[in-house]
Amino acid sequence: MSSMLMACGAEKAATPKIEDFKYSVDKFADIEILRYRVPDFEKLSLKQKEMIYYLSEAALEGRDILYDQNNKHNLCIRRTLEAIYLNYGGDRESNDFKRMTTYLKRVWMGNGIHHHYSEDKFVPEFSEGFFKQAIESIDPAKLPLSVNETPAMLYTKLEPIIFDPTVYPKRTNQAEGVDLIKTSANNYYGDGVSQAEVEAFYGKMKNPNDSTPVSYGLNSKLVKENGQLVEKAYKVGGLYSSAITRITGWLEKAASVAENNKQKDVINTLIQFYKTGDLKTYDEYSIKWVEDLASQVDFVNGFTESYGDPLGMKGSWESLVNFKNIEATKRTETISANAQWFEDHSPIDPKFKKEKVKGVSAKVITAAILAGDCYPATPIGINLPNSNWIRHEYGSKSVTIENITEAYDQASLGNGFAEEFMWSDVERKRAKDFASLTNNLHTDLHECLGHGSGKLLPGVDPDALKAYGSCIEEARADLFGLYYMGDPKIVELGLLPDKEAYKAEYYQFVMNGLMTQLTRIQPGKNIEEAHMRNRQLIASWVFEKGKADKVIEIVKRNNETFVVVNDYVKLRTLFGQLLAEIQRIKSTGDFEGGKLLVETYGVKVDQTLHAEVLDRYKKLNLAPYRGFVNPVYTLVKNDKGEITDVKVSYTEGYLEQHLRYSKDYSSLPTYN
Ligand code: ZN
């Protein structure tokens, strides 16, 4: 083969340039859907591309699992709405039909009937009458009917679940003083199971002397059978078997093209876990996964994050397939190489520091597919595994997803937000010059060092902070990053170009935490989500503690509220002080201390300010939340049926993508 031919081929397949790429795909309710590029996919080897293809298929096969985990009626509702969308013969231009379509788009965005972020059930804008008539007008064979169920019965069953705001109001309830299990709409626990029963059930399993405990409850639903509590494991032959069987089938193909034996072993151990449901095998897999640093292609696939369970045990299914962005990874390698210096100089009590920070691996990745709880809304960084002892003994893998950040940044340029909310041109100029860089760096520090720093005192239960654990942990990681961004060491290491740049992140963080993140909250509501609570906690705490010195001021100009930062050096000191306190709470398992901090600073919303922010934001006509569509990967084969390439395309729309996923990747029964 001539090199010219190869160059030609590479050119044809090349990732579109930023300026040619249309990031915004769709807009509805409070959501904007973006597309992301997969730069340098074409530079991967054929084997790597093939592997990404198989892992992507494995990722998409898990989609239904999350719907069912989020609420037991979600699959029935999604399938009913999709059947109406595809088969309705009445007026498709009517307001009711259009509003139902918007509702369906929201269901896809939330992986169910609850908002992906606020976790409140959304309010439908189409009428019950339309819904009834639509269900009864289409071919019953298209509807997800149970045995002996008629379309009329289907309507009667779904009507309150969709339309009655008091039925399943909250996906994951974190409110104080109620039974968190019984008042949460998700499906991690069976009917009639109470919080006290769950706590007793898992409390009995936990042995305080076990230094390598499995993640109890991670991969099962806890149900009551004949008055007895039993775990139904998610595995081949267990709950979600049909989807998991397909996942393992694709994983087997991926293992056959693994980059090296270590990676093959990682994938095979995951398959073993899916087949047995044994949490010890899951830990084995996690250890092998965290130790595989050589492979360029990598993935998350499984029951991973426990934010969806009010008690923080059950893992929601997710997948992220990715490959290393080699150029950008140099930045995080610098951070990792200096991990011990950061740990040693951290402003926390020495007895909570790690003597030796191990295995902080850090890389910048390019996402190739997002699935389960990473789709359509996705994180911009991840740090796994979650098991505390594995993190302590083997370290964790920490990644930032640069092509997703790129999509956010590019889609936000010039949308009027900075003009409306920032105090002056000084802050705006800093944001323009440095915000993309400082955002990435803060995420890197949060993921690479923040979560991995510090230690629990011997005998402290990792779950001691209970419902406040996630918020405190996020605050700890954020503060670690904030504190160090203002350190001269960062400039010395070449991570920021000058000693002013960090102010871009400080200003944005404080403005967001005190004010602009309220754009994501419904009027009259308080803050529930852990990351948002953390941001308000940090911002309000430093505001209050710096009040006497006017470190931060909240100023009115023409009846509009602004955040002004007067003293960035003192602000950094305050971040350090709060980090020390939060680390103390974490290290000693001080539940009351954690609760007090979160409830005092992180939860309550100033209603007057909230109304103003919503009003100003509304005028900008921006969507407060963003989700993504995935690219489409296609195998290219020659006459002999051999795979010669994998093509990536960026043309599929939001609606088309979800309808295709529901057709091609939907093996679970409507009720599980
Ligand atoms: Zn985090």
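Just follow the structure's listing: the first ligand is 1, and inside any ligand the first atom is 1.
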Does a donor on one side chain sit under 3.5 Å from an acceptor on the other, for Glu333 and Thr329? no
Residues His345 and Asp487: side-chain donor-acceptor under 3.5 angstrom: no
State whether His531 contributes an N/O/S atom found under 2.8 Å from the Zn ion (ligand 1). no
Any side-chain donor near an acceptor of the partner, Thr332 and Asp444, under 3.5 Å: no
Side-chain donor-acceptor contact under 3.5 Å, Glu199 with Gln195: yes
Would you say the Zn ion (ligand 1) has Glu474 as a near neighbour, meaning an N/O/S atom of that residue under 2.8 Å away? yes
Looking at His446, the N, O or S atom sitting nearest the Zn ion (ligand 1) is NE2
